[in-house]
K.L.:
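Let me give you the structure first, and then I'll get to my questions.
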Amino acid sequence: MASSTHTHEHHIVPTRTYVATFLGLVVLMVMTVAIAGVNLPAIGPLSGTVVNQLVALLIAVVKAMLVISIFMGVKWGSTLTKLWVASGFVTLIVLFGILGDYTTRQFEHQPGWEKQADGALPRVTPNEPEVPAADSNTLNVKIRQ
Amino acid sequence: MSAITDSMDHGHGHGHEPGLHHQYEDMVQQTESYIVGMWVFLTTEVMFFGALFFIYTLYRWNYQRDFYIAHEHLNVLMGAGNTTVLLFSSFTMVMAVQSAQLKKRMHVMGYLVVTLMCAFTFLIVKYFEYASKIADHLYPGAGFATDAKLAFGEHAMEGGKLVANMNHVQLFYGLYFGMTGLHAVHIIAGILVIIALIRLWYNKANSVIHDYVPTEMVGLYWHFVDLVWIFLFPLFYLMPKPH
Amino acid sequence: MSSTVIATDELKPKAKAEEVNYLNVEHTISSWLLTGDHKRIALLYLVSTTFFFLLGGMAAGMIRYELTSPAGVVLESDTYNKVFTSHGIIMVFTFLVVAIPAVFGNFLLPLMIGARDLAFPRLNLGSWYMYMTGGTLILAGMLFGGVDTGWTFYTPYSSMYSNTQVSLVIVGIFIAGFSTITTGINFVVTIHKMRAPGMTWFRLPLFVWAMYATSLMMILATPVVAITLLLVVFERTFKLPIFSPELGGDPVLFQHLFWFYSHPAVYIMILPAFAVISELVANFSRKRIFGYHFVAFSSLAIAGLGFLVWGHHMFVSSQSMYESIVFSLISYLVAVPSAVKIFNWMATMYKGNVVMASPMIYAIAFLMIFTVGGLTGLVLGGAGTDIHLTATYFVVAHFHYVMVGGTMLAFLGGLHYWWPKMTGRLFNDRLAQINAVIVFIGFNLTFFPQFIVGWMGMPRRYHYYYFAPEFQAYHIMSTLGSTVLALGFIWPAFYLTMSLFNGKKAGPNPWGAHGLEWETSSPPPVTNFLETPIVMDEVYDFDPEAEHAENRRRIEAAEAAKSDERKGSMEDHQ
Ligand code: HEM
Ligand SMILES: [Cu+2]
């Protein structure tokens, strides 16, 4: 029943690797705190704020990689473990695909569309008279207290 | 359907090794199963927190300025301190696992106790942080930030008027309490598990002294908790000033 | 399947060992409630899911009765809302998601791969308790006032307005969700690590492949809905403003996160059905399955693509139209692996020696019904058509075609197929065949009219349709069909239960099927196999020549019997 092709002889990692990892993590943490206080310059189309954010995120990712591969031992783990570690993060990236909705909504309101005779209509027809606010009591729903 | 009736390396050894459960053939199979099982569980945790991180990303993207103003009430020093504490606890945890592999019982217990102390330190710091937010009415609800001027000081004001949209600030604090709260719940669960583990080691239970895997599993869980904080810290405490 | 045998150190006398099985080894109640045996846990699940199915079915009956008149019959609007919500929540969260994996998956996975148990037996028992706790909380919510949001819990209605037991029921769903997750973890580890020697990935029964894909989705998708629903509860209790529009939150975000789980969840419901149907089609066509690799990988493809189409539930939600276009496209893609399966099953039946036992009738009914359900899914997956059809009875018919006609029929087929293995008794297959036909007729009578009336514009979740009295004929047809269907669901309970008392002993392999589970006694011993099996060949290794010969022999025997009869009656005449 043992389907083990790779025998898991527990790999004992020397203490100094762990110490080095810990120190590295602390250094990285000090780095993000320091960088957060500096206004980084813009790079190409990315504004300085975005660059700051990306750098902070990058450092966090590096820290996470250190923890996962060394403290959690994935570096010495089986392929199966690596696949499962990856699967969670890949699915998470798919989840972030929801952003695709929010980032593309704005493009629907391109001025000019409504002028085309048979073009797509924008969602909100401009210049429509404002609908008076409905009396909430006729709707039979009330906000909970 | 042919039949061979021989195979020396399977089917024996069953039930002989201490700590081996009946459904497994040998220790290797059991160890691998537990480790893979733990990782699969952590994958669910990644998705669990991941959804929250997504929500955070979306709202921070939309309400950058308001989130920036809101975040200024957080104490970077406390956050950084807590990060160090958690990183250190991860280190002691990994040393506990290493000692378990080397079967050094006293070392394991020592490292686990230090990890436990770190966990409590983290929670105590968290308590002070939460207390200061609550004192300023920065928790979501009807009376949110009744005195925003006091809570945020000059940053939030421009010509005597509030710049930040208080609804979005409230959203920020909703996320803050939700995410760090769930993280704290995981810390508390970790504390309980570590205490149980220390007891097992203290009692020289077969399940831990012959097999490092239970200790390793607790370790994996603890590192995961650390991992979440590694992202929470820069996202909540270290926002760059919009420029 | 070829397998061989190695002696273990427990050398019990064989005859005695066969008498002791997992059912009669112990009789106390605690031996059931505290068992670690996957087979017993499967039976616990069978009883409890059947119970929940019964409750959900009662709610369905009320809905159908209410709809027989254009102005409603008995229910208040509020009550009607609660009834259809109860129906949806019970059926989805406590029956469909759980039924096949937790009953058949639990029972069969270790047997099929030649293991003594799942990897984590105690976790398995724990997940049953979580399921029962969740189910109980859900029922409690329904007793203490019910929920009126629909099973989808759309915000902001669920988070800001509804004054019903939303929080309680959500907590129940949350806990039941963890039961699903732990089952998934258990299955994944079992499939990876517990296979018998020689059981390589491509010798696995297709059931196991589909279960793996199901577990994958359970593990990766369920946490998302868990946290999303939890946030709704937080919003209701602590005013955490994540989804409230007036505080800058976005209610559509809820729909994104909800469907990020719930579209994979529809595949969590249908993949186990595919698992069962693969076994039925292969074993009752008495033929090597056509395109084994395609069927196996299409399960994984479904699991992968299933994560990329959630937006097809949101075409009218104010989602960006660009995203709608992409989702529409991928929705069409996801139909491909499903179709691959259908075509492979049909190719397997082609020129096979199809045995029309009751499980096979269910399988064929499944093929016909699921095809309709899947194709109407494509109609809805087109962003343009969906705008007209969304929230109508067309959608209701679509998902009942896939969930009742798909999952429920596969459940029944599997139940009949593995009943002898689970209980050691044969049931009356003639009754079961008749029942399968009743279910098929009742099903179509119930749900086909809903396609038509939905196309005509009947909205879902309404109990009045006085604006269009011409809908009534369809609704009455549907209600009549549902009584037939109900008969078809209740009758098996009787003849299957009867078989426990007066059924013949089944023997290890009453269907002549292939697979490790048929090589151990029925019911199986506590450790599943007396000796660890070694697998030598792929599953479904039917020998076509032998099967044809057997078929010829059977036909000749039948003809001989007939001519004997004729001779006999001629002799009577003389
Ligand atoms: C062939 C692939 C499929 C496609 C392209 C598809 C497409 C769709 C679409 C577009 C909708 C949304 C309709 C609307 O609300 O306007 C829908 C609804 C639904 N589908 Fe499918 N579907 C497929 C297969 C399935 C399967 C296999 C199941 C379950 C076993 C399923 C269960 C459901 C359910 C439960 C709903 C209704 C959800 C609700 O609003 O309450 N579908 N389907
Ligand atoms: Cu869908």
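In what follows, every heavy atom counts, from backbone to side chain, and hydrogens, waters and symmetry copies are set aside. Sequence lines set the chain letters: A, B, ... in the order given, protein chains first and strands last, and positions in each chain run from 1.
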K.L.:
Using heavy-atom distances under 4.5 Å, tell me whether Gln64(B) contacts chain A through its side chain, its backbone, both, or neither.
P.N.:
side chain

K.L.:
Working to the nearest 0.5 angstrom, can you tell me the gap between Met95(B) CE and Thr15(A) OG1?
P.N.:
3.5 Å

K.L.:
Would you say that Lys63(A) contacts Phe231(B) through its side chain, given a criterion of any heavy-atom pair below 4.5 Å between the two side chains?
P.N.:
no

K.L.:
Where on Trp222(B) is there a heavy atom nearer than 4.5 Å to chain A: the side chain, the backbone, both, or neither?
P.N.:
neither

K.L.:
More than 12 heavy atoms of other residues, nucleotides or ligands under 6.0 Å from CG of Leu77(B): yes or no?
P.N.:
no

K.L.:
So which part of Thr103(A) gets closer than 4.5 Å to some heavy atom of chain B, the side chain, the backbone, both or neither?
P.N.:
side chain

K.L.:
Who among Asn39(A), Ile70(A), Thr91(A), Asn52(A) has the most heavy-atom pairs with chain B under 4.5 Å?
P.N.:
Asn39(A)

K.L.:
What part of Ile98(A) gets closer than 4.5 Å to chain B, counting heavy atoms only: side chain, backbone, both or neither?
P.N.:
both

K.L.:
Heavy-atom cut-off 4.5 Å, strictly under: side chain, backbone, both or neither for Leu220(B) against chain A?
P.N.:
both

K.L.:
Examine whether an atom of Val61(A) lies under 4.5 Å from a heavy atom of chain B, and if so say whether it belongs to the side chain, the backbone or both; otherwise answer neither.
P.N.:
both

K.L.:
Where does Pro14(A) contact chain B at under 4.5 Å (heavy atoms): side chain, backbone, both or neither?
P.N.:
backbone

K.L.:
Return the CG to CG distance between Leu23(A) and Leu87(B), rounded to the nearest 0.5 Å.
P.N.:
10.5 Å

K.L.:
Please work out which of the three classes, parallel, tilted or perpendicular, describes the rings of Phe91(B) and Phe71(A), given edges at 30° and 60°.
P.N.:
tilted

K.L.:
Does the side chain of Val74(A) reach to within under 4.5 Å of the side chain of Trp39(B), using non-hydrogen atoms?
P.N.:
yes

K.L.:
Where does Ser33(B) contact chain A at under 4.5 Å (heavy atoms): side chain, backbone, both or neither?
P.N.:
neither

K.L.:
Going by heavy atoms in the side chains, are Ile12(A) and Leu102(B) under 4.5 Å from each other?
P.N.:
yes

K.L.:
Non-hydrogen atoms of chain B under 4.5 Å away: do they reach the side chain of Val51(A), the backbone, both or neither?
P.N.:
neither

K.L.:
Does some side-chain heavy atom of Phe88(B) sit less than 4.5 Å from a side-chain heavy atom of Val26(A)?
P.N.:
no

K.L.:
Sort Val33(A) into side chain, backbone, both or neither according to what part of it lies under 4.5 angstrom from a heavy atom of chain B.
P.N.:
both

K.L.:
Apply side chain to side chain contact (heavy atoms under 4.5 Å, CB included) to Phe89(A) and Thr43(B), showing your working.
P.N.:
CA-CA 8 Å; Phe89(A) 291 103; Thr43(B) 305; over 6 Å; no

K.L.:
How long is the gap from CZ on Phe22(A) to OG1 on Thr92(B), to the nearest 0.5 Å?
P.N.:
9.0 Å

K.L.:
Within this structure, what is the CG-CD1 distance for the pair Leu238(B) and Ile59(A), rounded to the nearest 0.5 Å?
P.N.:
9.5 Å

K.L.:
Hey, could you give me the NE2/CD1 distance between His223(B) and Ile68(A), rounded to the nearest 0.5 Å?
P.N.:
11.0 Å

K.L.:
Distance from Leu99(A) atom CG to Trp61(B) atom CH2, nearest 0.5 Å?
P.N.:
6.5 Å

K.L.:
With the side chain counted from C-beta on, respond yes when Met29(A) and Ile230(B) share a heavy-atom pair under 4.5 Å apart, and no when they do not.
P.N.:
no

K.L.:
So which residue, Val94(B), Thr83(B), Leu42(B), ends up with the most heavy-atom pairs under 4.5 Å with chain A?
P.N.:
Val94(B)

K.L.:
With a 4.5 angstrom heavy-atom cut-off, is it the side chain or the backbone of Tyr102(A) that approaches chain B, or both, or neither?
P.N.:
side chain

K.L.:
Check whether Tyr237(B) gets within reach of chain A through its side chain, its backbone, both or neither, counting any heavy atom under 4.5 Å.
P.N.:
neither

K.L.:
So Met239(B) and Gln53(A), do their side chains get closer than 4.5 Å, heavy atoms only?
P.N.:
no

K.L.:
Which pair of heavy atoms, one from Pro240(B) and one from Thr49(A), lies closest together, and at what distance?
P.N.:
CG-O, 3.8 Å

